[in-house]
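Nothing fancy with the numbering, it's 1 onward along the sequence. Keep in mind the model is a prediction, meaning the values are calculated, not measured.
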Amino acid sequence: MKALDPGSPMPLYAQLAEAIRYEIATGEISAGVQLPALRAAAKRWGVNLHTVRRAYGVLAGKGLVRTDPQRGTVVLGVEGRTTVDPVDWFVSRIVTEAYERHGLGLPELMLRLDRWGNRSGRTGERAAFVVERAEGEADGLASQLRSRWAVAAEGWSLERPGEPPAGLIVASLEHYNEVRVRWPQRYGDAHFLETAPDRSIATRVLVAPRQVIRAVLCERDLTTATSVVADLRRILPGNRVELVPHIVSRAGELLSFVPDSVDAVLFSPRMWEQLTPAERSHPKAIEVRYLFEAKALERLAEDLAWPTR
């Protein structure tokens with residue numbers, strides 16, 4: 001049985017119950033088998049008696065075991081039980097853990113799995129590492145490449161130590177000097193493109209019913225906030241949207257008391273990554289995503305002879 005993880009957001013008793021349920025479902029533990037007594041089970045799995053008792057209680061509630069005063073906790077036969085596919089069970093645990101640990105929904109999880117698939121190498125695809133400050137922003141830009149061209153693109157945050165593995169480096173123009181200074185030996189592999197906010201942001205901001213929509217851009221320093229606001233003003237109609245920077249010490253602090261006068265709270269890429277899943281689901285919270293300029297990306301793909309998908 002897999003070791004329990006004290007650092008998981010799933011309680012230990014639930015992890016233990018899930019592990020035993022899996023072994024019952026796959027036939028590793030047969031009907032009629034007696035589970036270890038509470039004290040022995042607690043010692044075996046490194047937990048306290050109460051944790052084991054709760055886990056056994058969960059299993060009993062599902063009709064999988066019965067506690068008998070004479071025989072202890074015994075596994076029951078399950079009518080019409082079908083064989084559980086271990087791979088399906090494994091995948092279901094990945095999806096559950098991704099959300100519970102990191103707040104990753106299925107779409108973002110699939111993007112990251114696709115990234116790792118690219119990392120393992122696809123026949124005929126050249127590796128490319130898309131460099132950005134925030135990890136999520138780098139991943140989003142990498143997916144923009146993968147969606148159109150047969151290139152094994154992976155996001156690479158400037159917050160990571162070291163340098164990207166061998167392959168192309170694609171970065172936004174604003175990081176030209178940093179990439180050149182940080183990895184001078186890779187300058188020949190590097191390409192720099194213009195980026196702009198995703199125009200779909202305007203659609204989300206403009207749903208507010210007021211004639212003049214008031215929005216704030218949350219950042220922790222004024223220079224970055226002013227730059228992002230300037231970018232957003234290129235896609236938000238000035239006669240409909242009043243957008244101002246709002247400096248915060250913690251990414252989601254404004255979401256706990258958004259004034260009625262504010263219709264939308266926008267977050268730069270690095271600030272969005274610091275929000276909790278609950279904060280991201282706030283009805284006024286909007287992620288500012290950047291994309292490579294389409295024409296610049298088309299030119300790069302043509303120069304590098306990337307085949308389309």
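Checking Arg220, Glu219, Glu287 one by one against Ser268, the side chain to side chain donor-acceptor pair (under 3.5 Å) holds for a single residue, Glu219. For the side chain to side chain donor-acceptor pair (under 3.5 Å) with Tyr290, the qualifying choice from Thr195, Asp231, Asp198 is Asp231, the only one to do so.
Using cut-offs of 30° and 60° on the angle between ring planes, the pair Tyr187 and Phe192 is tilted.
Between the side chain of Arg309 and the backbone N or O of Arg146, at least one donor-acceptor pair lies under 3.5 Å. No donor-acceptor distance shorter than 3.5 angstrom exists from the side chain of Arg148 to the backbone of Thr308, with no hydrogens or angles considered. Not a single donor-acceptor pair under 3.5 Å links the side chain of Thr51 to the backbone N or O of Val47. Within the 3.5 Å criterion, the main-chain N or O of Leu158 finds a donor-acceptor partner in the side chain of Arg182.
Once rounded to the nearest 0.5 Å, the distance linking CG of Leu173 with CD of Glu293 reads 10.0 Å. Here Leu291 contributes atom CG and Glu194 contributes atom CD; the two are 13.5 Å apart, rounded to the nearest 0.5 Å. To the nearest 0.5 Å, atoms CZ (Arg180) and NE2 (His175) are separated by 15.0 Å. Atoms CD1 and CZ, from Ile169 and Arg186 in turn, are 4.0 Å apart once rounded to the nearest 0.5 Å. In this structure, Glu154 CD and Leu141 CG are separated by 13.5 Å, a value rounded to the nearest 0.5 Å. The line from OG1 of Thr67 to CZ of Arg53 is 10.0 Å long, rounded to the nearest 0.5 Å.
Glu159 has a carboxylate O that lies under 4.0 Å from a charged side-chain N of Arg133, or vice versa, which qualifies the two as a salt bridge. In summary, Arg270 and Asp221 engage in a salt bridge, as defined by a charged side-chain N under 4.0 Å from a carboxylate O. Between Arg21 and Glu28 there is no salt bridge, since no side-chain N of the basic residue sits under 4.0 Å from a carboxylate O of the acidic one.
When side chains are defined from C-beta on, Tyr56 counts as touching Ile20, because their heavy atoms get closer than 4.5 Å. At a threshold of 4.5 Å between non-hydrogen side-chain atoms, the residues Leu297 and Trp149 count as touching. Residues Val288 and Val228 form a side-chain contact, since some pair of their non-hydrogen atoms from C-beta on lies under 4.5 Å apart. Between Val74 and Val65 there is no side-chain heavy-atom pair separated by less than 4.5 Å. Looking only at side-chain heavy atoms (C-beta outward), Phe267 and Leu255 come within less than 4.5 Å of each other. Looking only at side-chain heavy atoms (C-beta outward), Leu236 and Pro197 stay at 4.5 Å or farther from each other. Within the 4.5 Å cutoff, the side chain of Leu193 has heavy atoms near those of the Leu300 side chain. By the 4.5 Å heavy-atom criterion applied to side chains, Val212 and Val241 are not counted as neighbours.
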Practice task
Applying side-chain contact (heavy atoms from CB on, under 4.5 Å), run through His246 and Leu217 and close with a yes or a no.
Solution key: CA-CA 6 Å; His246 183 79; Leu217 183 283; over 6 Å; no
Exercise for the section: Carefully, step by step, assess His191 and Leu304 under the rule side-chain contact (heavy atoms from CB on, under 4.5 Å). Expected result: CA-CA 10 Å; His191 300 269; Leu304 297 177; 4.0 Å; yes
Exercise for the section: Evaluate the side-chain contact (heavy atoms from CB on, under 4.5 Å) criterion for residues Val170 and Val131: first the C-alpha distance (whole Å), next the side-chain angles of each, then the deciding distance (0.1 Å), finally the verdict. Expected result: CA-CA 6 Å; Val170 183; Val131 173; over 6 Å; no
Exercise for the section: Show the numbers, then the answer: is there a side-chain contact (heavy atoms from CB on, under 4.5 Å) between Arg250 and Gln274? Expected result: CA-CA 8 Å; Arg250 189 184 69 81; Gln274 296 172 19; over 6 Å; no
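What you find for Ile286 and Ala264 is that their closest heavy atoms are CD1-CB, 4.0 Å. Across Arg233 and Leu243, no two heavy atoms sit closer than the pair NH2-O, 2.6 Å. In this structure, Ser143 and Gly140 approach most closely via the heavy-atom pair OG-O, 2.6 Å. When all heavy atoms of Val258 and Lys284 are compared, the closest pair comes out as CG1-CD, 3.6 Å. Shortest non-hydrogen contact noted between Val265 and Cys218 is CG1-SG, 3.6 Å. Residues Val229 and Val244 share a closest heavy-atom pair of CG2-C, 4.3 Å.
Both tests hold for Arg160 against Trp156: distance to the six-membered ring centre under 6.0 Å, angle to the ring axis within 45°.
Sequence neighbours left out, the pairs with a member in residues 204-213 that pass side-chain hydrogen bond (donor to acceptor under 3.5 Å, both in side chains) are Arg210-Asp263.
Glu132 and Ser172 share a donor-acceptor pair across their side chains, judged by distance under 3.5 Å alone.
Atom CZ of Arg240 sits in a crowded spot, with more than 12 heavy atoms from other residues, nucleotides or ligands closer than 6.0 Å. Summarising the local packing, CZ of Arg199 is surrounded by 12 or fewer heavy atoms from other residues, nucleotides or ligands at distances under 6.0 Å. More than 12 heavy-atom neighbours from other residues, nucleotides or ligands sit within 6.0 angstrom of CD on Gln185.
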